[in-house]
Amino acid sequence: ALERAIAVLKKQSHDRPQASFAQVSALRSFSLIPKEAKQALDVFLTQVSDPEGLEVSAPEAYGYEFQSHGVIEMLQKLHDKFIDERTALEKEEMNS
């Protein structure tokens, strides 16, 4: 189980980029978005006259930065500890 948890976390260990202008404007077409939110998006999108200029002038930043490296290390150490303890118990059992 620990091996699988470590594999899943390692698979997800990358930063995710922020939403682009096209992704924000695509939100207007979703039926689950409330009417008020769509109106706020419309106001925002009409205020932006040059979407390409907005993307260029915005600082590079990730929308989400992966922060679970410590959890992965802890799980790996725990896995190693379990293996060591199991090996010690197996040796003790064989000697008795």
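One-based numbering along the sequence shown.
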Kindly write out the residues that satisfy side chain to side chain donor-acceptor pair (under 3.5 Å) with Glu90, not counting sequence neighbours, or none if the list is empty. none
Are Leu78 and Val71 linked, directly or through other ILVMFWY residues, by side chains that come within less than 4.5 angstrom of each other? yes
Hey, what do you get for CG (Leu9) to CD1 (Ile72), rounding to the nearest 0.5 Å? 5.0 Å
Does any non-hydrogen side-chain atom of Lys10 lie less than 4.5 Å from one of Gln76? yes
So how far is it from Thr87 OG1 to Glu92 CD, rounded to the nearest 0.5 Å? 12.5 Å
Point-to-point distance, once rounded to the nearest 0.5 Å, from CD1 of Ile6 to CD of Glu3: 7.5 Å
Should Ile83 and Leu2 be counted in the same cluster of Ile, Leu, Val, Met, Phe, Trp and Tyr side chains packed under 4.5 Å apart? no
Take atom CD in Glu85; do more than 12 heavy atoms of anything else shown fall under 6.0 Å from it? yes
Atom pair CE/OG of Met74 and Ser68 - distance to nearest 0.5 Å: 10.0 Å
